[in-house]
Visitor: 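This is the structure I have questions about; it appears just below.
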Amino acid sequence: QVQLVESGGGSVQPGGSLRLSCVVFGYISSSYCVGWFRQAPGKEREGVTAVTTGPTYTFYHGSVKGRFTISQDNAKNTNYLQMNSLKPEDTAMYYCAVKSWCGVVDYARSVDYEQWGQGTQVTVSS
């Protein structure tokens, strides 16, 4: 059974940094796609970034490009989302999710993902 466990959310001031982690348990293949999504109150869930684990391709939403970095430690089955220069508009619940493959066209399409983490709250406020 596939399970994703997230950690690392919290509250920071604008300009601060946070690192989220997502451990993927039990995925049938060693090669897969991990995506990060976020959902703020009253807004739709949006795809933030994604990475394929083999070969490695990364995808970023324009609003986070240059500030967020996604990475994967295959030995630990752990995905990381390093978030720098955080802004109040980054405030949301963040979710990781997994599916077999993703590309630039579909990495942000949430309906395609097979399993989701429980979510972790990120709050950026002064």
Side-chain angles (χ1 to χ4, degrees):
Q1 183 177 355
V2 180
Q3 185 178 8
L4 282 70
V5 179
E6 303 173 32
S7 60
S11 296
V12 294
Q13 293 186 341
S17 298
L18 283 173
R19 189 176 80 159
L20 307 183
S21 299
C22 174
V23 183
V24 180
F25 296 98
Y27 200 79
I28 191 170
S29 172
S30 60
S31 175
Y32 48 84
C33 169
V34 177
W36 286 91
F37 292 76
R38 64 186 179 187
Q39 188 166 20
K43 294 188 176 181
E44 291 187 358
R45 187 171 295 188
E46 68 172 357
V48 176
T49 181
V51 63
T52 57
T53 65
T56 300
Y57 297 107
T58 56
F59 312 97
Y60 293 96
H61 189 277
S63 66
V64 305
K65 193 172 290 187
R67 299 189 298 122
F68 290 12
T69 302
I70 189 171
S71 61
Q72 175 76 14
D73 185 335
N74 289 330
K76 297 181 179 179
N77 290 330
T78 301
N79 189 270
Y80 301 101
L81 179 59
Q82 179 67 43
M83 305 185 295
N84 298 329
S85 302
L86 282 161
K87 305 175 181 180
E89 51 264 44
D90 294 317
T91 295
M93 185 72 79
Y94 283 70
Y95 301 88
C96 64
V98 65
K99 61 176 180 173
S100 59
W101 182 254
C102 57
V104 65
V105 174
D106 66 358
Y107 79 91
R109 201 160 66 192
S110 61
V111 296
D112 294 340
Y113 283 80
E114 301 164 24
Q115 191 66 32
W116 292 76
Q118 79 281 7
T120 186
Q121 178 68 37
V122 171
T123 302
V124 185
S125 173
S126 56

Visitor: Taking Q115 for its side chain and L4 for its backbone only, find out whether a donor-acceptor pair lies under 3.5 Å.
Guide: no
Visitor: Just how far is it from atom CZ of R45 to atom CZ of R38, taken to the nearest 0.5 Å?
Guide: 13.0 Å
Visitor: For Y113 and F37, take the angle between the two ring planes, folded into 0 to 90°, and tell me which bin it lands in: parallel under 30, tilted 30 to 60, perpendicular over 60.
Guide: perpendicular
Visitor: Which residues pass the side chain to side chain contact (heavy atoms under 4.5 Å, CB included) test with S29, not counting sequence neighbours?
Guide: Y27, S31
Visitor: Which atom pair, heavy atoms only, marks the closest approach of S85 to S17?
Guide: N-OG, 4.4 Å
Visitor: Is there a donor-acceptor pair closer than 3.5 Å between any side-chain N or O of N79 and the backbone N or O of S71?
Guide: yes
Visitor: Distance check, rounded to the nearest 0.5 Å: Q72 atom CD versus T58 atom OG1?
Guide: 12.0 Å
Visitor: Considering residues at least two apart in sequence or located in another chain, which fulfil the side chain to side chain contact (heavy atoms under 4.5 Å, CB included) criterion with T69?
Guide: Y60, Q82
Visitor: Say whether M93 and V122 are linked into one hydrophobic cluster, either directly or through other cluster members, by side-chain heavy-atom distances under 4.5 angstrom.
Guide: no
Visitor: Say whether W116 and V5 are linked into one hydrophobic cluster, either directly or through other cluster members, by side-chain heavy-atom distances under 4.5 angstrom.
Guide: no
Visitor: Going hydrophobic residue to hydrophobic residue with side-chain gaps under 4.5 angstrom, can you get from V124 over to V48?
Guide: yes
Visitor: Any idea which heavy atoms bring S126 and P14 closest together, and the distance?
Guide: N-CD, 3.7 Å
Visitor: For the pair Y57 and W101, name the ring-plane relationship: parallel under 30°, tilted 30 to 60°, perpendicular over 60°.
Guide: perpendicular
Visitor: Taking atom CD as the centre, does E89 end up with more than 12 heavy-atom neighbours from other residues, nucleotides or ligands that are less than 6.0 angstrom away?
Guide: yes
Visitor: Does T53 use its side chain to pair, donor to acceptor, with the backbone of S30 at less than 3.5 Å?
Guide: yes
Visitor: Any donor and acceptor pair, going by atom type alone, linking the side chain of T78 with main-chain N or O of V23 inside 3.5 Å?
Guide: no
Visitor: I want to check something: taking the side chain as every heavy atom from C-beta on, are Y32 and E114 in contact at a cut-off of under 4.5 Å?
Guide: no
Visitor: For V104 and Y107, work out which heavy atoms get closest and say how close.
Guide: O-CD2, 3.5 Å
Visitor: Please check: side-chain N/O of E6 versus main-chain N/O of L20, any donor-acceptor pairing under 3.5 Å?
Guide: no
Visitor: Please report the interatomic distance OG(S11) to CD(Q121), rounded to the nearest 0.5 Å.
Guide: 7.5 Å
Visitor: If hydrophobic clusters are built by linking Ile, Leu, Val, Met, Phe, Trp and Tyr wherever their side-chain heavy atoms come under 4.5 Å apart, do L86 and W36 end up in the same one?
Guide: yes
Visitor: Would you say T49's side chain and F59's backbone share a donor-acceptor pair under 3.5 angstrom?
Guide: yes
Visitor: Return the minimal non-hydrogen interatomic distance between Q118 and Y95, and the atom names on each side.
Guide: O-CE2, 3.8 Å
Visitor: Does one hydrophobic cluster hold both L81 and L18, with members joined at side-chain heavy-atom distances below 4.5 Å?
Guide: yes
Visitor: Please find the pair of heavy atoms, one from K99 and one from D106, that lie closest to each other, and give the distance.
Guide: NZ-O, 3.2 Å
Visitor: Do you know the tightest heavy-atom contact between S63 and R67?
Guide: O-NH2, 2.9 Å
